[in-house]
Amino acid sequence: MRILVLFIMIFIALPLQAADSWLLSAEKALPKLATATVLDTRGAAAFGLSHVDGSTRVTWQQFSKKKSANRGELLSDKALKTAIEAVGVRNDRTVIVVGDPHAWGEDGRVVWMLRAAGHNAAFLVDGGYPALKKAGATTGPGFSASKAVGNFNLQWNPKLTASAQDLQAASTSKTVVFDVREKREYDGETPYGESRGGHVPGAKHLYFKDLMDKDGKLLPRESIEKTLADLGVDHSTPVIAYCTGGIRSGWLVAVLASMGYEAANYAGSMWQWSSLPAKDFPLE
């Protein structure tokens, strides 16, 4: 009995981080690589020069719709299942996603997608490929990749996804909306093909890279929590994030969810919102 009580006390005292985190440090990811499906979201040239042995290069676009206004949205269930299985993903196998931390957060988008679709062991590497290589991952040049057969069953987590209608409703709820694009985009520039410029009324600006250091690693947890608190967000505040096509906002949602925040990604984002009637879907 005393042993049981001691075990319970130790369990309660353990940090809450490990089980629900979507992020891994490069050092913690390293021993998992041999038994994981490793996906690399960097460009073809960078992947060709050097990548983790056995990894597969992916792009966010291969899991997304093709129509211009909706190209941030994920494919239909059947097509998405096929696309996920095509890169070797299985429900019963850990997935580790690496990317370029100075790009658009494509690695976070892929992790968000897998988590939203029901994969509970998909992880983002803090600091991306450079951090993993520095930590000692076995890497090499060439374009060979794992040919593992995928087997994936979708089981959507609706708490992780948001629609244009959810964004409309946010203005009359306690939900905080984050626009994670550059300030120039928030202020109205349209460098990536949006139909209209500006930001969703009431959206708060939080450029996603402001949560990283110069090496592309996350700032200390207390720093991120202070930034969020200054913007009116605590762990009980629902958040919806958007960007241009749900890529940068997907990264932010991966980070916030890892820290225990209630966050959802609007994958359609500005490509979709700005294409909808301005009367019902305004920008300011």
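In what follows, residues are counted from 1 in the order of the sequence shown. Please read all numbers here as calculations on a predicted model, not as lab measurements.
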Assigning hydrophobic clusters by single linkage (Ile, Leu, Val, Met, Phe, Trp, Tyr; side-chain heavy-atom cutoff under 4.5 Å), is Ile247 placed with Leu80? no

Any donor-acceptor pair under 3.5 Å from Trp273 side chain to Pro282 backbone: yes

Give a yes or no on whether the backbone of Val180 and the side-chain of His205 come within a donor-acceptor separation of less than 3.5 Å. no

With salt bridge (Lys or Arg N to Asp or Glu O under 4.0 Å) as the test, would you mind laying out the steps for Asp92 and Arg90 before giving the verdict? CA-CA 5 Å; Asp92 60 357; Arg90 303 176 58 90; 3.0 Å; yes

Find out if a path of hydrophobic residues (ILVMFWY) with successive side-chain heavy-atom gaps under 4.5 Å connects Val177 to Leu276. yes

Examine distances only and state if a side-chain atom of Ser269 and a backbone atom of Trp271 form a donor-acceptor pair shorter than 3.5 Å. no

Any side-chain heavy-atom pair of Tyr242 and Asp179 under 4.5 Å: yes

Among Val52, Asp107, Val89, whose side chain to side chain contact (heavy atoms under 4.5 Å, CB included) with Leu39 holds? Val89

Treating Gln62 as the side-chain partner and Ala83 as the backbone partner, does any N or O pair qualify as donor plus acceptor under 3.5 Å? no

Looking at Arg42 and Asp40, is any side-chain nitrogen of the basic one under 4.0 Å from a carboxylate oxygen of the acidic one? yes

Whether Lys159 side chain and Ala264 backbone form a donor-acceptor pair below 3.5 Å: no

If Ile, Leu, Val, Met, Phe, Trp and Tyr residues are connected whenever their side-chain heavy atoms lie under 4.5 Å apart, and connections chain through other members, are Ile240 and Leu231 in the same group? no

Ser163 and Asp166: side-chain donor and acceptor closer than 3.5 Å? yes

Any sub-3.5 Å donor-acceptor pair from Arg115's side-chain atoms to Trp112's backbone N or O? no

Take atom NZ in Lys217; do more than 12 heavy atoms of anything else shown fall under 6.0 Å from it? no

Using modelled atom types and a 3.5 Å cut-off, is there a donor and acceptor pairing between side-chain atoms of His119 and backbone atoms of Met113? no

Let me see the working for Val111 and Phe123 under side chain to side chain contact (heavy atoms under 4.5 Å, CB included), right down to the final yes or no. CA-CA 6 Å; Val111 169; Phe123 298 96; 5.8 Å; no

Do Glu284 side-chain atoms and Pro201 backbone N/O form a donor-acceptor pair below 3.5 Å? no

Determine whether Val233 and Phe178 make a side-chain contact, defined as any pair of heavy atoms from C-beta on separated by less than 4.5 Å. yes

Closest contact, heavy atoms only, Tyr261 versus Glu225: OH-CG, 3.4 Å

Could you tell me if the side chain of Thr237 sits less than 4.5 Å from the side chain of Lys174, heavy atoms only? no

Any side-chain heavy-atom pair from Val125 and Ile96 closer than 4.5 angstrom? yes

Sub-3.5 Å donor-acceptor pair from the side chain of Trp60 to the main-chain atoms of Gly72, do we have one? no

Check whether any side-chain heavy atom of Glu185 sits under 4.5 Å from a side-chain heavy atom of Pro191, and report yes or no. yes

Is there a path of hydrophobic side-chain contacts, each under 4.5 Å between heavy atoms of I/L/V/M/F/W/Y residues, joining Leu252 to Leu124? yes

Using a 4.5 Å cut-off on heavy atoms from C-beta on, say whether the side chain of Leu167 contacts that of Phe281. no

Distance under 6.0 Å and angle within 45° of the ring axis: does Arg109 meet both against Trp104? no

Taking atom NZ of Lys32 as the centre, does the number of heavy atoms from other residues, nucleotides or ligands within less than 6.0 Å exceed 12? no

Between Ser275 and Ala69, the two heavy atoms sitting closest are OG-CB, 3.5 Å

Side chain to side chain, Val176 and Leu228, heavy atoms closer than 4.5 Å: no

Test Glu222 against Lys226 for salt bridge (Lys or Arg N to Asp or Glu O under 4.0 Å), laying out the working first. CA-CA 6 Å; Glu222 57 272 19; Lys226 183 181 185 307; over 6 Å; no

How about NZ on Lys204, more than 12 heavy atoms from neighbouring residues, nucleotides or ligands closer than 6.0 Å, or not? yes

Group every Ile, Leu, Val, Met, Phe, Trp and Tyr by side-chain heavy-atom contacts under 4.5 Å, then state whether Val110 and Phe208 land in the same group. yes

So which heavy atom on Gly198 is nearest to which on Arg181, and how close? O-NH2, 2.8 Å

Grab the two heavy atoms, one from Tyr186 and one from Ala203, that are nearest each other, plus how far apart they are. OH-O, 2.7 Å

May I ask you to test the Thr139-Tyr129 pair for a side-chain heavy-atom distance under 4.5 Å? yes

Donor-acceptor pair, side chain of Asp126 and main chain of Leu218, under 3.5 angstrom: yes

Would Gln272 and Lys65 count as a side chain to side chain contact (heavy atoms under 4.5 Å, CB included) here? Give the steps. CA-CA 12 Å; Gln272 183 181 74; Lys65 294 180 179 179; over 6 Å; no

